[in-house]
*Asks:* 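I'd like to ask you about the structure that follows.
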Amino acid sequence: MTVQPAPGGRAVIPGPFEYHRPNSLPEAVALLADLGEDARPLGGGHSLIPMMKLRLAAPQHLIDLAGIGDLKGIRSDGGDVVIGAMTTQHEIVGSDLLAAQLPILRETALLIADPQVRYVGTLGGNVANGDPGNDLPAVMLCLDATYHVVGKGGERRIPARQFYRGAYFTALEPGEILTAVRIPVPPSGHGAAYEKLKRKIGDYATAAAAVVLTLRGGNVATCSIGLTNVAETPLWAETAASLLVGSSLDPATVKRAVAAAEAITSPAADTRGPIEYRTKMAGVMLARGLARAHQRARNA
Ligand SMILES: Cc1cc2nc3c(=O)[nH]c(=O)nc-3n(C[C@H](O)[C@H](O)[C@H](O)COP(=O)(O)OP(=O)(O)OC[C@H]3O[C@@H](n4cnc5c(N)ncnc54)[C@H](O)[C@@H]3O)c2cc1C
């Protein structure tokens, strides 16, 4: 289908493009390979279509992945959970499996936008987009997820921690489709939290922090931290997390970890606040996330 300019010569928003709806993954991969860099996969369209309306993206062809059943669903696979790229954010919120094994995903998805966006917006679109404001990528860094991608050269598996290269710049090659996200389930008894500061419902994060930790004998045995929207990419705060291992999360150690996390941020000054404020808010979100994850681990 070609979307045409409106009668009278005024361009509709977005500009003209051709719409394709393949029914299988091989068909989608072939279309992307044939159409080249003028083609883009379409997930829920809740980031791409606004970009097209603003003329910040102008693909000539949209390859809608909605007709490919294989890209949907949430399942256990050994010690991992595998989530299809076209699984919606709403389905993440409603999944009993995720609520039991990876509750941080439900908590995070509930903080994305509003129900209307979540009904349509997909996991794959959220993590493949490359927008540092997206909430799920930092959680994937925190959980050490792996992205399954397929292109005309076959399948690749990319650790989330190696996926984000810059704003809207990821390890995806042109023509590749993210098919699924594989997440190792943290041990039972882990505590996790996603703390997000936003100006209002539906807003992207001023700053946010994802925390997953385990305890042994009252002290932190393992810890992982991800940060959202305080740099050009989501951040995995490895040094901050390692400072906490072995500690009882006492205030002095938490303060050192917060400082280490703030030190790796480089937020832009924008309508959400100046650089100093957003840096500090990353630290505040981390301290809150640690406290909440700690409490949950103790109560598990
Ligand atoms: C009002 C509003 C508020 C929002 N607030 C938030 C928020 O607070 N937090 C947040 O995280 N997000 C927010 N979003 C974004 C929302 O979560 C989007 O759904 C998400 O960013 C993109 O998912 P999508 O399925 O809509 O992808 P699309 O918009 O279809 O695609 C986004 C990009 O990913 C690519 N892509 C999509 N799927 C694949 C795939 N399977 N393989 C390869 N490439 C793919 C597309 O080509 C495109 O470049 C908001 C959106 C709106 C409209």
Side-chain angles (χ1 to χ4, degrees), residues 80-81 83 89 92 98 101-112 123-124 126-147 158-167 169-171 178 181-187 190-198 204-214 220 222-245 249 254 257-267 278-294 296-297:
D80 299 338
V81 165
I83 311 178
Q89 297 150 14
I92 289 173
L98 295 181
Q101 302 207 342
L102 286 162
I104 191 173
L105 286 187
R106 178 173 195 275
E107 182 162 270
T108 306
L110 270 173
L111 291 170
I112 295 175
L123 168 67
N126 196 283
V127 301
N129 195 25
D131 181 339
N134 283 136
D135 287 293
L136 288 165
V139 180
M140 297 307 168
L141 302 188
C142 185
L143 290 165
D144 199 13
T146 299
Y147 297 163
I158 309 171
R161 291 175 186 169
Q162 294 169 19
F163 188 76
Y164 299 97
R165 306 278 166 89
F169 177 38
T170 70
L178 176 74
V181 175
R182 174 177 289 272
I183 306 165
V185 177
H190 76 274
Y194 189 71
E195 290 285 340
K196 174 176 177 179
L197 178 67
K198 53 185 175 175
Y204 289 88
T206 300
V211 175
V212 177
L213 58 80
T214 60
V220 175
T222 61
C223 182
S224 185
I225 297 167
L227 301 173
T228 296
N229 216 15
V230 284
E232 287 212 335
T233 64
L235 298 173
W236 182 46
E238 188 177 10
T239 303
S242 66
L243 285 170
L244 295 160
V245 173
L249 285 174
V254 169
V258 162
E262 289 177 3
I264 62 167
T265 66
S266 52
R278 296 189 61 198
T279 301
K280 278 291 160 207
M281 289 308 102
V284 171
M285 292 304 107
L286 174 55
R288 286 185 191 170
L290 287 167
R292 196 190 293 260
H294 190 201
R296 288 173 172 166

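In what follows, every heavy atom counts, from backbone to side chain, and hydrogens, waters and symmetry copies are set aside. Numbering of residues begins at 1 and proceeds along the displayed sequence.
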*Asks:* Is there a side-chain contact between R165 and T233, using heavy atoms and a 4.5 Å cut-off?
*Replies:* no
*Asks:* Say you draw a straight line from CD of E107 to NZ of K196; how long is it, rounded to the nearest 0.5 Å?
*Replies:* 12.0 Å
*Asks:* Measuring only between side-chain heavy atoms, which start at C-beta, is T279 closer than 4.5 Å to V230?
*Replies:* no
*Asks:* Atom CG of L111 and atom CZ of R106: how far apart are they, to the nearest 0.5 Å?
*Replies:* 10.5 Å
*Asks:* For the atom pair CE (M285) and CG (N229), what is the distance rounded to the nearest 0.5 Å?
*Replies:* 13.0 Å
*Asks:* Check step by step if side chain to side chain contact (heavy atoms under 4.5 Å, CB included) holds for I225 and L286.
*Replies:* CA-CA 8 Å; I225 297 167; L286 174 55; 3.7 Å; yes
*Asks:* Can you see which heavy atom on A210 is nearest to which on A138, and at what distance?
*Replies:* CB-O, 4.3 Å
*Asks:* What's the spacing between R296 CZ and I104 CD1 if we round to 0.5 Å?
*Replies:* 8.5 Å
*Asks:* Give a yes or no answer on whether the side chain of R278 reaches the backbone of T206 with a donor-acceptor pair at less than 3.5 Å.
*Replies:* yes
*Asks:* Could you tell me the separation between the CH2 atom of W236 and the CG atom of D144, rounded to the nearest 0.5 Å?
*Replies:* 7.0 Å
*Asks:* Quick one: are L249 and L244 in side-chain contact, heavy atoms under 4.5 Å?
*Replies:* yes
*Asks:* What are the two closest heavy atoms between A207 and A282, and how far apart are they?
*Replies:* CB-N, 3.6 Å
*Asks:* Mind checking whether L98 and I92 have side chains closer than 4.5 Å, heavy atoms only?
*Replies:* yes
*Asks:* Mind checking whether I83 and I183 have side chains closer than 4.5 Å, heavy atoms only?
*Replies:* yes
*Asks:* Looking only at non-hydrogen atoms, find the nearest pair between A208 and A205 and report the distance.
*Replies:* CB-CB, 4.0 Å
*Asks:* Kindly indicate whether the side chain of V212, heavy atoms from C-beta on, has any atom under 4.5 Å from the side chain of L143.
*Replies:* yes
*Asks:* Considering only heavy atoms from C-beta outward, does the side chain of V139 approach that of Y194 to under 4.5 Å?
*Replies:* yes
*Asks:* Is there a donor-acceptor pair closer than 3.5 Å between any side-chain N or O of N134 and the backbone N or O of L136?
*Replies:* no
*Asks:* Is there a side chain to side chain contact (heavy atoms under 4.5 Å, CB included) between T146 and F163? Walk through the geometry before answering.
*Replies:* CA-CA 9 Å; T146 299; F163 188 76; over 6 Å; no
*Asks:* Say you draw a straight line from OH of Y147 to OG1 of T170; how long is it, rounded to the nearest 0.5 Å?
*Replies:* 9.5 Å
*Asks:* Looking at every non-hydrogen atom in both residues, tell me the closest pair between L102 and P184 and how far apart they are.
*Replies:* CD2-O, 4.5 Å
*Asks:* Any non-hydrogen side-chain atom of L123 less than 4.5 Å from a side-chain atom of V181?
*Replies:* yes
*Asks:* Would you say Y164's side chain and V127's backbone share a donor-acceptor pair under 3.5 angstrom?
*Replies:* yes
*Asks:* Any sub-3.5 Å donor-acceptor pair from R292's side-chain atoms to A193's backbone N or O?
*Replies:* no
*Asks:* Give me the atom names and distance for the closest heavy-atom approach of C223 to V245.
*Replies:* N-CG2, 4.2 Å
*Asks:* Of all the heavy-atom pairs spanning Q101 and V185, show the shortest one and how long it is.
*Replies:* OE1-CG2, 3.4 Å
*Asks:* Take atom NZ in K280; do more than 12 heavy atoms of anything else shown fall under 6.0 Å from it?
*Replies:* no
*Asks:* Could you give me the CA-CA distance, side-chain angles and deciding distance for T265 and L235, then say whether side chain to side chain contact (heavy atoms under 4.5 Å, CB included) is met?
*Replies:* CA-CA 8 Å; T265 66; L235 298 173; 4.2 Å; yes
*Asks:* Are the side chain of T228 and the backbone N or O of G133 linked by a donor-acceptor pair below 3.5 Å?
*Replies:* no
